[in-house]
Amino acid sequence: QVQLVESGGGLVQAGGSLRLSCAASGRTFSRYTMGWFRQAPGKEREFVGAINWSGGSTYYADSVKGRFTISRDNAKNTVYLQMNSLKPEDTAIYSCAAIRASANGLAYAEIETRYEYWGQGTQVTVSS
């Protein structure tokens, strides 16, 4: 069982930055691929990016590529989402999710139904 708790959300002006954290419980954090998803009001949840168990590979949605960076610290059981050059359209609830790492690596990491555990989410609001 893995419990995930996000933090770091808030209100920021367009062009600004935020760093979200996702803290995981348990001693097996390093066995999990971690993903970030977001859901804007009135829209379906969408994939933001993912990182493999070691942190050596990442995968991003086109909408955030070059602006967002995912990293992890397995010693701290934490995954991060650094968000730069934020735009109003980035406003959403951001959630982290975990799936046991497999030989597939980050293949299909954008498919939310594959994830086993989810955090409760943290609100990010970008003002224009």
Side-chain angles (χ1 to χ4, degrees):
Q1 192 79 2
V2 176
Q3 292 185 324
L4 305 173
V5 179
E6 301 93 340
S7 62
L11 174 64
V12 63
Q13 287 188 331
S17 298
L18 277 177
R19 188 177 81 156
L20 306 184
S21 299
C22 171
S25 66
R27 297 175 294 175
T28 60
F29 176 71
S30 62
R31 299 179 185 176
Y32 288 83
T33 291
M34 300 299 295
W36 283 97
F37 291 79
R38 67 185 183 185
Q39 186 167 22
K43 295 186 178 181
E44 294 188 351
R45 186 157 54 190
E46 65 173 357
F47 172 74
V48 174
I51 188 166
N52 75 331
W53 66 273
S54 69
S57 294
T58 52
Y59 170 40
Y60 300 96
D62 288 343
S63 58
V64 305
K65 200 174 297 182
R67 299 188 298 123
F68 291 10
T69 302
I70 299 174
S71 60
R72 67 189 296 162
D73 185 338
N74 287 341
K76 295 182 178 180
N77 281 14
T78 302
V79 62
Y80 304 97
L81 177 64
Q82 177 67 45
M83 305 184 294
N84 298 329
S85 302
L86 282 162
K87 305 175 182 179
E89 51 264 44
D90 294 318
T91 294
I93 296 174
Y94 284 72
S95 300
C96 62
I99 180 174
R100 289 180 187 272
S102 72
N104 290 328
L106 295 179
Y108 313 115
E110 71 278 11
I111 302 175
E112 63 176 275
T113 54
R114 298 185 68 240
Y115 287 83
E116 301 169 76
Y117 304 103
W118 290 84
Q120 83 290 347
T122 185
Q123 176 71 48
V124 171
T125 303
V126 184
S127 63
S128 57

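With sequence neighbours left out, the side-chain contact (heavy atoms from CB on, under 4.5 Å) criterion links Ser63 to Arg38, Ala61. Shown here are the ring pair (Phe, Tyr, Trp, His ring centres under 6.0 Å) partners of Phe68, two or more places apart in sequence or in another chain: there are none. For Tyr94, the ring pair (Phe, Tyr, Trp, His ring centres under 6.0 Å) test picks out no residue, with sequence neighbours left out. Residues satisfying the side-chain hydrogen bond (donor to acceptor under 3.5 Å, both in side chains) criterion with Gln82, sequence neighbours excluded, are Asn84. In terms of the side-chain hydrogen bond (donor to acceptor under 3.5 Å, both in side chains) criterion, residue partners of Ser54 (sequence neighbours excluded) are, by chain and number, Asn52. Among residues two or more places apart in sequence or in another chain, the side-chain hydrogen bond (donor to acceptor under 3.5 Å, both in side chains) test is passed with Gln39 by none. Listed by chain and residue number, nothing satisfies the salt bridge (charged side-chain N to carboxylate O under 4.0 Å, His left out) test with Arg31 (two or more places apart in sequence, or in another chain). Residues passing the side-chain hydrogen bond (donor to acceptor under 3.5 Å, both in side chains) test with Gln3, sequence neighbours excluded: none.
Gly105 approaches Thr33 most closely through the heavy-atom pair O-OG1, 4.3 Å. Ser127 and Leu11 get closest at one heavy-atom pair: CB-CD1, 4.3 Å. What you find for Leu86 and Leu18 is that their closest heavy atoms are CD1-N, 3.9 Å. Closest approach of Tyr115 to Ala109, counting heavy atoms only: OH-O, 2.6 Å. Contact detail for Ala92 and Ala40: the closest heavy-atom pair is CB-N, 3.8 Å. Here the shortest heavy-atom pairing between Val2 and Ala24 reads CG1-CB, 4.2 Å.
Contact of the Glu89 side chain with the Val126 side chain is not registered, since no non-hydrogen atoms from C-beta on lie closer than 4.5 Å. In this structure, the side chains of Leu20 and Glu6 stay at 4.5 Å or more apart for every pair of heavy atoms. At least one side-chain heavy atom of Leu4 sits less than 4.5 Å from a side-chain heavy atom of Met34.
No path of Ile, Leu, Val, Met, Phe, Trp and Tyr side chains, each step under 4.5 Å between heavy atoms, connects Trp53 with Phe29, placing them in separate hydrophobic clusters. No continuous path of hydrophobic side-chain contacts links Ile93 to Phe47 [ILVMFWY only; heavy atoms under 4.5 Å].
When each of Arg45, Glu44, Glu46 is tested with Glu112 by the rule side chain to side chain contact (heavy atoms under 4.5 Å, CB included), just one qualifies, namely Arg45.
A side-chain donor-acceptor contact under 3.5 Å links Tyr60 to the backbone of Ile70. For Tyr32 (side chain) and Ala97 (main-chain N/O), no donor-acceptor pair under 3.5 Å exists by modelled atom type. Gln120 places no side-chain N or O within donor-acceptor distance of the main-chain N or O of Val5, the cut-off being under 3.5 Å.
Counting only residues at least two apart or in different chains, salt bridge (Lys or Arg N to Asp or Glu O under 4.0 Å) contacts with residues 66-78 comprise Arg67-Asp90. Annotation: disulfide (SG to SG under 2.5 Å) contacts involving residues 18-117, sequence neighbours excluded, comprise Cys22-Cys96. Residue pairs that meet the disulfide (SG to SG under 2.5 Å) test with at least one member in residues 45-90, sequence neighbours left out, do not exist here. For residues 97-107, the pairs satisfying salt bridge (Lys or Arg N to Asp or Glu O under 4.0 Å) are Arg100-Glu116, with sequence neighbours left out.
Distance check, rounded to the nearest 0.5 Å: OH of Tyr117 to CD1 of Ile99 gives 11.0 Å. The OG atom of Ser128 lies 14.0 Å from the NZ atom of Lys87; values are rounded to the nearest 0.5 Å. Rounding to the nearest 0.5 Å places OG of Ser30 at 8.0 Å from CG of Asn77. Taking OH of Tyr80 as the reference point, atom CH2 of Trp36 lies at 10.5 Å (rounded to 0.5 Å).
Trp118 and Phe37 have tilted rings, their planes meeting at an angle from 30° to 60° on a 0 to 90° scale.
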